[in-house]
Structure formats: C-alpha cells, structure tokens
Amino acid sequence: MHQSLSNEQLISIANEYGTPVYVYHAEKIAEQYQKLRNAFSGTDARFFYACKSLTNPNVLRYIQGIGASLDCVSINEVRLGLMAGFLPEQILFTPNCVDFHEIEEGKNLGVNINIDNISILEQFGNRFGGSYPVCIRLNPHIMAGGNFKISTGHVDSKFGISIHQIRHIERVVKTTGVKVSGLHMHTGSEIKDVGVFLRGLEVMFEMARHFLDSLEFIDLGSGFKVPYREDDIETDVVSLGKQVAEAFSSFEKETGKHLQVWFEPGKYLVSESGYFIVKANVVKTTTATVFAGVNSGFNHLIRPMFYESYHFIKNVSNPNGPERIYTVVGNICETDTFAWDRKLNEVREGDYLVFFNAGAYGFEMSSNFNSRFRPAEVMVENGEARLIRKRDTMEDLLKNVVWE
Ligand SMILES: *Cc1c(COP(=O)(O)O)cnc(C)c1O
C-alpha cells in the first residue's frame, strides 16, 4: 500500500462529491506503467491493460494516452476500448466460454483474438482459414496465485487449452490452415514468486517450437502482485524483467526466431491508484467489539468478503487520534465485514474512512444490492479532481423496469 493523495485531497473530494466515492490517481497509474516499461526494457515487450479491473472510459483513455494497449474479456469491453480511442490492433480479446458470434464480432472489429478452446479454434479455422491470425490460450498446469479463487492455470481450471492437447491443436492448425501468431498463458493473480512466470515461460517456449513459422509473440498474462499492507511485497518486476530478457534472447539465439513478449497487467496498473472513501455512520460498542458501521458495504467493495482480501483502512478525518481496535462493517443486510480487529485512529460518527488499493475490482464489481446506488467515480490528474461517473440515482434503479 502506498498513499499518493494526501488526507486533505481525499477529504476535499469527499466533501465535494459525497460518499461513498471511488477516487483514482492518474499519475500513479502512469508510474506503475513506467515501472513495467523500465523493468522489461531488455525485451520487445508490450503491455495490455486488463481492463476488467476498472473500465471507466476516462481511465481507459488515460491509459491509452500513456501508451499501453488493452486486454478485454468481453465484446463490450472491446467496444469501450474502441470508444476510448484504442486502435483495434492495440486490443487483445481474451474471452472464455463465449458464443462463437462474440468472437466473430471481435474479428469484424479487427482486434487480436485469443482462443481458449479447441472447438472454437476449429470453428474459427474452418470459417477463416489462414486469413486472420489468432493467439491460443494454453493452460500450462501451474498452480499459482494468491488463492484458489484467483488461480487459473491449475489442472481444474476452465481456462485455456491444456498443453497436453498440443497434438490436437496441431491437427486443427494443419487441417484448417489457421495461423497461430501468439501463445498465451495467465496462471492467476497475486503471484509473489517470479519463478512461476519463468516456469510458465519454459513451457511456452516448448510449445512455441510447434508454431515457429507463424509465431510473433508469447503472452505471459498477468498476476503481478501489488502491496496491500505496510511492508507487503510486490512482484519483483525488475528481476523478472532481467530473467525474461535472458530467456528470450537465448531462445532467439537457438531458434533464430525473434518474439515479442506481451503482458496483461490489471491490478499492477490500477490497484494502488484507487481510494474508496466512505463515511462512518455509527460507532457501536457491543459486548464483543466496537463496530465502525460505514455508509457502504459489499455492494460497493466485495473483495474482502469474496476473496478475503485485505484493504488497508485509514481514518483521514482523525489521523492523529488515539488508536483503537474496530470491526469495520457495512450497512448491507447480510454479513458484511470489511475488516476484523483493525487498528484505526479513533473513529467518530461522521469521519471519513479510506480503503486503499481500491482501483482494481472495486467499482467494477459493485452492484445495486439492497437497492443502493453505485458510488460516484472521481479522477485526479495534474492535481485536479474531476467527476468521471455520477452516483446512481433512483432513475438508474428503475431504468429497465417494465411496469405492469
Ligand atoms: C483478469 C485477467 C488479467 C489481469 O489480472 P490482474 O491480476 O488484475 O493483473 C490478465 N489477463 C487475463 C486474461 C485476465 O483474465
């Protein structure tokens, strides 16, 4: 965790736009992008922002402006990316379990297509032959990531085509003439150990030998971990960058084949840029604990309940108050605990509490559960805050209702 906006800035945004509100610090995104660029400067690398983590078109436009490309998992994300100014060539479409029409639509829009199923590869090859190169998502059978829910490369995962089906893939490629321009893996999220990427890369090089004529890139997906607590570690991208560069250059020496390396960072780019500001509605002392009850809940930030993820919480309204232990809960009528036994500067009713690391999978996973409004979103760029999404209104809740 890292605080790049001051308490005063956060308080003034909360006062102006109300709470709960998501705030994104643009320059922090650029800083993270630059760190990746520097770390992989020894390779021919491209970075595709995994936009499912945060899709506000203003954020997409900003990320397009700093030079990144875009990874999309649905055709609507592709459309948002195009609206935000990405060129089709800058977009990689990595869907899973979608109707073939959605893939066809991606092709019609001219974006890079990542195929994660043999039957789809077969249909695609039959329809388009070698006229439209594709990337193939492989499952390297590597267990990786912070926990099972965010792990995708293991043997039970629904993602990708097993590397053990390589003979079958080759058969489909040969009979349909489909051109394989890329091989992809994405083994999970919050990978601390860079060895996981390197083991994956070895597998990918092994697979690459089957498609050397047409291959242009290897996509190592994402999984870069960011710090959530003080003293928490982040994936060592500098060390990873060095080792990936060495691996690619020895592959090139051996095979004469120059390949690009692609990555798809989501969290790494936007997690730390985001702050979620809520207001303490009530402080309630029970026989067991002191609850700080806030004007939000898992309808707005589901990660603590869904993944047991840790978000640092700060009382920006009373930063010098004495520290006390709280259980921070939301107002949703269901178990709705953000944090147990959390040391916070004394919380008074009306104080603003700020959740850190709220850029990725925060607003994006929010809902209208309990008929509450989804929060507003604000972006801070060059020290200026601007509203980039209004808070819902009653009209939004009723928008699609068909009255009898
Ligand atoms: C979710 C996802 C990512 C991003 O993962 P992070 O952990 O947010 O970096 C990248 N690639 C694919 C295919 C994904 O589904």
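All values below were derived from every heavy atom in this structure, side-chain atoms included, with hydrogens, water molecules and symmetry-related copies excluded. Atoms within a ligand are numbered from 1 in the order they appear, just like the ligands themselves. Remember, predicted model here, so these are calculated numbers, not experimental data.
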Practice task
Before giving the answer on ring-ring contact (aromatic ring centres under 6.0 Å, His included), spell out for F263 and F224 the whole-Å C-alpha distance, their side-chain angles and the decisive distance to 0.1 Å.
Solution key: CA-CA 10 Å; F263 290 100; F224 300 125; 5.6 Å; yes
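Ion pair K35/E234 flagged as a salt bridge, since at least one NZ, NE, NH1 or NH2 atom sits closer than 4.0 Å to an Asp/Glu carboxylate oxygen. Contact check on K28 versus E31 returns a salt bridge, with a Lys/Arg side-chain nitrogen under 4.0 Å from an Asp/Glu carboxylate oxygen. By the 4.0 Å N-to-carboxylate-O rule, E104 lies close enough to R127 to be salt-bridged with it.
Scanning both residues, T235 and K225, for their nearest heavy atoms gives OG1-N, 2.6 Å. Between L259 and L215, the closest heavy-atom pair is CD2-O, 3.6 Å.
Set against the non-hydrogen atoms of K267, the atoms of ligand 1 under 4.0 Å away are 6 (P), 8 (O), 9 (O). Atoms of ligand 1 lying under 4.0 Å from any heavy atom of Y361, numbered from 1 in the order shown and given with element: 1 (C), 4 (C), 5 (O), 6 (P), 8 (O). Close approach of ligand 1 to S222 (heavy-atom distance below 4.0 Å) involves ligand atoms 4 (C), 5 (O), 6 (P), 9 (O), 10 (C). Heavy-atom contacts of D71 reach the following atoms of ligand 1: 11 (N), 12 (C), 13 (C) (cutoff under 4.0 Å). Atom numbering of ligand 1 starts at 1 in the shown order; those under 4.0 Å from a heavy atom of A50 are 3 (C), 4 (C), 10 (C). Close contacts between ligand 1 and T94 involve ligand atoms 13 (C) [criterion: under 4.0 Å to a heavy atom].
Heavy atoms of F224 found under 4.0 angstrom from ligand 1: none, in either backbone or side chain. Of all the heavy atoms of H186, the ones lying under 4.0 Å from any atom of ligand 1 belong exclusively to the side chain.
For atom 7 (O) of ligand 1, the closest non-hydrogen atom on the protein side is S189 OG, 2.4 Å.
Around atom 2 (C) of ligand 1, the closest heavy atom drawn from K52, H184, E264 belongs to K52.
Heavy atoms of F48 stay at 4.0 angstrom or farther from ligand 1.
A tilted orientation is assigned to the rings of F355 and F276, their planes being inclined by 30° to 60°. The aromatic rings of F124 and F100 stand perpendicular to each other, their planes meeting at an angle above 60°, with 30° marking the opposite boundary.
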